[in-house]
Amino acid sequence: MMAKCLDHLRSKDGRWNASLALLTAGMVALLLTILLFLMSEAWPFLISADTGHGGNRLFTNLLQNPGWYPLEGRFGLAPMILASLAVMLGAILIALPLGLINGIYLEFYASAAFARGFRLLLNLLAGIPSVVFGLWGLTRLVPWITQWQPPGASLLAAILVLSLMILPTIALTSASALASVPRELHTGAIALGLRRTSQIIHIMLPAARSGIVAGTILAAARALGETMAVLMVAGNVVQIPATLFEPVRVLTANMALEMAYAVGEHRASLFASGLLLTLVVWGLSWMAYRLGRHQRKFARHD
Amino acid sequence: MFQRLTGLLLAVALCLSAYGVQAADNRLILTGSSTVAPLVLEMAKRYEQQHPQVRIDVQTGGSTRGVNDTRTGLAHIGMASRNLKPTETGLRVHTIAIDGVGIIVHRSNPISSLSNTQIIDIYTGKIRNWKDVGGRDLSITVVNKAEGHSTLELFLNYFALKNSQVRPSIIIGDNEQGIKTVAGNPGAIGYVSIGAAEFSQARGVTIKRLPLEGVAASVAEVQAHRFPLARPLNLLTGKSPSPLARRFIAFAQSEAVADLIADQFFVVPR
Amino acid sequence: MMIDQPTAAYTLGEMEQKAACCVPSPILQVRDLAVYYGNNAVLADVSLDIHKGCITALIGPSGCGKTSFLSTLNRLTDYHPGVQVRGQILFDGHNLRQESVDTLALRRRIGMIFQRPNPFPLSIRRNLDLPLKEHGVRDPHLRKRKIKQALKDVGLWDEVCDRLDSSALSLSGGQQQRLCIARALVLEPEILLMDEPCSALDPISSRVVEELIMRLRGRYTLVIVTHNLAQARRVANYVGFFWMRERVGKLIEFGQCRQLFEAPTDALTAAYVSGAQG
Amino acid sequence: MIDRVFSTVVFAAAALVVAALVWVLTDVVSEGAARISWAFLVTEPRDAGRAGGIAPVLVSTLWVLVIALAAALPLGLGVAIWLSEFAPKQRGFAAYTGITLDVLAGIPSIVYGLFGNAFFSVYMGLGYSLLAGGLTLACMILPVFIRTCESGLRQVSDDWRQGAWALGMTRAAAVCHVLLPAARPAILAGLVLGIGRATAETAALLFTSGYVDRMPESPLDSGRVLAVHIFDLSMNVTGGDGAAYGSALVLIVLIVLLNGLAQSLVDNWFKRRISQ
């Protein structure tokens, strides 16, 4: 056995295999450290029993909304979870229809030259750092909303900034999903004498559906994980918003704001929210992956 | 290709560690209170001028961060704009200046004073419009500090409030952010370090300070021990600070920096 | 897309011509060979001799294990996870299935050509340069000479000598396949395995490659898998006929080309080759 | 009729989006261009960044980027090669590695910040430093980079692998000389993605590289990167918006330039591998 191993190491491929596998193992160890570390830091929060109300603390914290007042030992994550979801859903609600229509525009309406320019613009904007969107939101959008309905820094501001941020991604992924629909399908629809609107709505969109959905889910994951842009424009008050104009604090912003000085259970609760976000974002990416695979299969079979 | 890359990485790592050994003796890292930071930054600049081989880095993040970083060793010296809590053991406190916490509003706001009850009512959400306290018809934007900042704790203590009773519209971190937020919103009210507020006003930022219990929120009143909401600005170290940290703290407590403290609108402790 | 011109330009001159076969002296002796994917046998009970300098064609319907058989001969099956080979393959009297065999050197002596032309996405020159370098030919002048000779051997030299540094993927399908053959020849192998070398090509390119195969006879030992019975009949000295029996590939009949086509001993063989004739 | 309504809607939506995006872009460009000068790029910031330039911030940004890429690229490429070429297919260790990578790619950047702070800054004793920040970013871009390169390598046609093996080339040689050049677009995409994320990151750096706005003397100094500078100027500095826009424009231009540079470097390197 030993001799065989040594023999193996003597060949060039064996050496490569061994050293690369070692490298991979090292990296996996490092990355696993990150996950384990997250879990171990969050552990006290996850298991601590609530002495006051009975039952598990985590459960209470998530569902009964005792509010987020670390100084008073109250760690209710519910308002921030709701805020995170509200911001994400709001952004998707705005960005999805607009992005989708822009994808359609790029694929079916824009002239070739204009489409190229438009794509360039979208690519450029997809690469712009979130902090720049935050800066723009803080100096343009927030004062604008303030005039209308103070305080300005609000759920609405966060939704608008985020939807601007994910719009280019959604438009580009929808356009490429539409482009990957087999050509025969389109020519077939034309040959049937369908109206252009029907071609797009009844033939092309359903065929490109899973690609579009996958792109949207990825955008949603990005919106959920975004920290800086939201932190800068959302006002960061921990509450369940009654209207669009009330400030909110999302989970990521909470970590950024409080991590510097959190200790004990407070710190554990921040890590727990990080863990929670990770799981949700991972679930979303996994869904996107499954849908993307479906799309590829579909394309291949035709 | 891979051998060469590995070699390169090793070389880089070696260089880095050499750097580290050389750099460690002459570097000082301070973190903590955003109230103390601007003052210490000026002190550090002067100290560096006198000792060119020394490098002092100052970062903010709130008093509690100063306490924590000093305890974990991330910072050589912590900055805190409050006294230590009973749970925060193992640290030494070195007071370098005195400051107050004052209420600020936008400069265009016609209100010239608020009673303590009015302030409490505004902060607990009972009063939501300036016209209820004699001002214009404009809804009030309540600016509150994030937890972990001693200015918040001082404010809550003074008004006997719990943070859960406060109904804020915006949560801010550093003093500067509070000033910026109030300066950009005509209906806003906030509370910040008096030193920081006076410093900003002197440069034309559109805020104004309101008196507290009839005492003007100014450096002079803090100095005269008349202003009710005053606090020490402290530097924190572990039980056995490095020689450099010791020297810097001695410098920060000496007469040589009295003018800097005055320039930043703080009070030299007696 | 360029189409190979069947003009004098490609004529495969300069190649050393030997007598068109064939003193029967076996270079490869396969005994009781079986190939398994996991627990399923795909090929069993194959025994045959490959004779030096001859062309051996393997015919039969798709999926009866011809390609698997070919890959065992240069131990490319080592790279296919889950594949097990049993039996004996003697190459120059040594069993090439032993652990101790240097597979890299073995594959230098037994080259392989695939169904789809697979030149690397590199320049034409580097496609030939790379294997030489990998097998330790350090002298650049020697490499240059060998590359030129190989390209001449496959009749590509005149077509590409002025653009050796352009991408190999810019060649037409037939040219790509000849480049792949040149890439195998440049290592001066003793045996060349060809897995349906013409089936992905247009008729004209196919003719050119076939002619090339004929020219290689004598200097190299060739084993060709083909579906084209007419082609097998044209080029081969020996023919092996594979067929599926109980979902396992078997060698039904093996023999001289003329004998197998004109007087097959097995009824199955007769039916298969006559189907092609009809 | 329906066609006309539909196309009107499409054109209107496209116009709206173009208008919004152009609004953001022109704001940043016009406000930023008013601030940018040669002096802005080469002087130290004064007065908390209201005056002066961004020279140390630029230097810190490049330091962090170089450290992150130097750590992530060789490691990532090595792991990707092992996963796609050497690992036993879809079984055991390799499959678990894939799952781990997927989970890690989904972690929000702020969480990497928390990890970097506790692991690199406190545990490894690097403190607030460019090195800690760069390594944290390396952890952040690794999963995505590995996944992109791995899938790029997997998509390389098996014909080429077979061809290389049949010529008696080792797996290692096949990877170096044939597969990597063939997977170039994916590697480039991974690189560009990594550069984009590393240059734009703010949250993960707040707690690792810190925000001292002085010229770093070594990677062990704390340093403020452009994104953090923009954040600090816009949040904490009254009258800092102009400088923030200036820095934002510099950051965008920097990202575009770096992407172009990466493209040409990768192209050049592979061109040399392809001909020769």
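Quick note: numbers below take in every heavy atom, side chains included, and nothing from hydrogens, waters or symmetry partners. Given the structure is predicted, the values throughout are model-derived calculations rather than measurements.
- For Leu124(A) against Leu25(D), the heavy-atom pair with the smallest separation is CD2-CD2, 3.9 Å.
- For the set Leu284(A), Leu275(A), Ile101(A), the entry with the most heavy-atom pairs within less than 4.5 Å of chain D is Ile101(A).
- Only the side chain of Phe118(A) comes within less than 4.5 Å of a heavy atom of chain D; its backbone N, CA, C and O stay farther away.
- When heavy atoms are compared at a cutoff of 4.5 Å, Arg222(A) does not approach chain D at all.
- Within the 4.5 angstrom heavy-atom criterion, no atom of Leu224(A) approaches chain D.
- Looking at every heavy atom in both residues, Trp136(A) comes nearest to Tyr245(D) through CA-OH, 3.5 Å.
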Arg140(A)/Val24(D) under side-chain contact (heavy atoms from CB on, under 4.5 Å): CA gap, chis, key distance, verdict: CA-CA 9 Å; Arg140(A) 290 288 179 282; Val24(D) 176; over 6 Å; no

Residue pair Asp241(D), Leu138(A): steps toward the side-chain contact (heavy atoms from CB on, under 4.5 Å) verdict: CA-CA 10 Å; Asp241(D) 292 349; Leu138(A) 189 67; 5.8 Å; no

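- Residue Ala110(A) does not touch chain D at all, counting heavy-atom pairs closer than 4.5 Å.
- If you measure heavy-atom distances from Leu279(A) to chain D, you find no contacts under 4.5 Å at all.
- Between chain D and the residues Ala256(A), Gly274(A), Ser273(A), the most heavy-atom pairs under 4.5 angstrom are made by Ala256(A).
- Heavy-atom pairs under 4.5 Å with chain D were tallied for Ser198(A), Ala21(A), Gly225(A), Ala221(A); the largest tally goes to Ala21(A).
- The side-chain heavy atoms of Val10(D) and Ile200(A), taken from C-beta on, include no pair separated by under 4.5 Å.
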side-chain contact (heavy atoms from CB on, under 4.5 Å) between Leu101(D) and Met27(A), intermediate numbers included: CA-CA 10 Å; Leu101(D) 288 174; Met27(A) 193 218 51; 4.2 Å; yes

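- The greatest number of non-hydrogen atom pairs below 4.5 Å with chain A, out of Ser7(D), Cys139(D), Ala105(D), Ala20(D), is found for Ser7(D).
- Contact count versus chain D (heavy atoms, under 4.5 Å) is highest, among Val281(A), Leu277(A), Ile128(A), Leu135(A), for Leu135(A).
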Worked check of side-chain contact (heavy atoms from CB on, under 4.5 Å) between Trp82(D) and Trp16(A): CA-CA 9 Å; Trp82(D) 188 79; Trp16(A) 267 60; over 6 Å; no

